[in-house]
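Below is one structure, written out as structure tokens; comments come after it.
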Amino acid sequence: MDDVEAFAAALQRVRRQAGLTYRELAEHAHYSHAHLVRATGGKQLPSWDVTAAFLAGCGVPADLMPVWRRRWDSVNREDVVELLRTAETLPELGAALAALARPRSSRNLEQLTGIPRTTIQAWFQGARLPGRDRLDRLIRAVGATPDERSAVAETLNRISSGRPRAAA
């Protein structure tokens, strides 16, 4: 079971332990029934806002939210590595870099790195290939893990050389 599926299963357990149907939870969480069902589908990680509303709606105490946030962040970061490993185009690389940098704004990233925000935005939009040194400065500033940094370097090498991703 991958991390997104495991996270979804954990959310389902919380809902069942709370004794709530999805429709009842929707009233407490202020998200639609369908939205909450998708959150536990295991195909895609729900946003943190949806996750926090889901948990609060199930009665999870506020002091446990940081634990859930750390777990969500961990799963979210795994998604970024997968996005990087499967990126074939400059826009796909840009989307993965934007996911890695979130929730920081381009203005905040500019302040952290000294790289103009227009340059950062062009990278995230897939309009410009990042230079290695500046990109390394950005990914270090966002606290990328060694695995993430390696995935960024491999993806940048692959895209800049024009060679396809190796089959898994």
Side-chain angles (χ1 to χ4, degrees), residues 1-113 115-127 138-145 147-149 151-152 155:
M1 181 184 297
D2 79 0
D3 289 341
V4 173
E5 289 173 340
F7 190 83
L11 289 177
Q12 288 173 345
R13 283 191 301 277
V14 168
R15 182 191 57 79
R16 283 194 299 271
Q17 288 173 351
L20 297 171
T21 67
Y22 282 103
R23 294 206 187 277
E24 291 168 333
L25 177 56
E27 291 177 24
H28 297 293
H30 307 290
Y31 278 91
S32 72
H33 162 265
H35 210 99
L36 298 172
V37 169
R38 276 193 305 276
T40 60
K43 293 187 189 302
Q44 161 179 339
L45 186 68
S47 69
W48 172 248
D49 289 343
V50 170
T51 301
F54 188 104
L55 294 167
C58 289
V60 172
D63 62 331
L64 290 180
M65 288 299 188
V67 174
W68 278 95
R69 178 61 194 241
R70 282 192 298 278
R71 185 169 180 189
W72 183 89
D73 283 338
S74 174
V75 174
N76 188 43
R77 294 297 271 225
E78 289 298 318
D79 282 353
V80 170
V81 170
E82 186 60 24
L83 283 173
L84 287 162
R85 290 190 175 137
T86 60
E88 299 281 350
T89 64
L90 200 48
E92 290 172 346
L93 171 61
L97 292 174
L100 182 62
R102 90 177 148 234
R104 295 165 193 88
S105 68
S106 55
R107 183 179 306 252
N108 178 251
L109 292 170
E110 179 181 45
Q111 292 169 344
L112 286 171
T113 65
I115 300 168
R117 70 175 169 253
T118 54
T119 300
I120 294 169
Q121 290 165 342
W123 294 349
F124 290 175
Q125 294 164 358
L138 176 79
I139 62 171
R140 286 178 185 272
V142 300
T145 66
D147 195 30
E148 291 164 344
R149 290 182 22 226
V152 167
T155 303

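In this chain, residues are counted from 1 in sequence order. Values below: all heavy atoms of this structure, side chains included; hydrogens, waters and symmetry mates excluded.
- Of the possible donor and acceptor atoms, none in the side chain of T40 sits under 3.5 Å from a partner among the backbone N and O of L11.
- A53 approaches A29 most closely through the heavy-atom pair O-CB, 3.4 Å.
- The line from OG1 of T155 to CG of L84 is 4.5 Å long, rounded to the nearest 0.5 Å.
- Of all heavy-atom pairs between L83 and A99, the closest is CD1-CB, 4.1 Å.
- Interatomic distance, OG1 of T51 versus CZ of R69, reported as 9.0 Å (0.5 Å rounding).
- Smallest separation of non-hydrogen atoms from C58 and L20: CA-CD1, 4.0 Å.
- With rounding to the nearest 0.5 angstrom, the CD atom of E110 is 9.0 Å from the CD atom of Q121.
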List the steps, then state whether side chain to side chain contact (heavy atoms under 4.5 Å, CB included) holds for R104 with L112.
CA-CA 10 Å; R104 295 165 193 88; L112 286 171; 4.1 Å; yes
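- Under a 3.5 Å cut-off, the side chain of S74 and the backbone N or O of R70 do not form any donor-acceptor pair.
- Taking the side chain as every heavy atom from C-beta outward, L55 and L64 never approach each other to under 4.5 Å.
- The two atoms that bring A39 and A8 nearest to each other are O-CB, 4.1 Å, heavy atoms only.
- W123 contributes no side-chain N or O that, together with a main-chain N or O of L93, makes up a donor-acceptor pair within less than 3.5 Å.
- Other residues, nucleotides and ligands contribute over 12 non-hydrogen atoms within 6.0 Å of the CZ atom of R16.
- Using a 4.5 Å heavy-atom threshold, the side chains of L109 and I115 count as separate.
- With values rounded to the nearest 0.5 angstrom, I139 atom CD1 is found 9.0 Å from T145 atom OG1.
- No side-chain heavy atom of R71 sits less than 4.5 Å from a side-chain heavy atom of V67.
- Note that CD of Q111 is 8.5 Å distant from CZ of R117, once rounded to the nearest 0.5 Å.
- For F54 against L25, the heavy-atom pair with the smallest separation is CE1-CD2, 3.4 Å.
- Side-chain contact between R149 and R140: present, with at least one pair of heavy atoms (C-beta onward) separated by less than 4.5 Å.
- Separating the CZ atom in F7 from the CH2 atom in W68 is a distance of 5.5 Å, to the nearest 0.5 Å.
- A cation-pi arrangement is present between R15 and Y22, with the terminal nitrogen or guanidinium carbon under 6.0 Å from the aromatic centre and inside a 45° cone about the axis.
- Heavy-atom minimum distance, S32 versus A26: C-CB, 4.0 Å.
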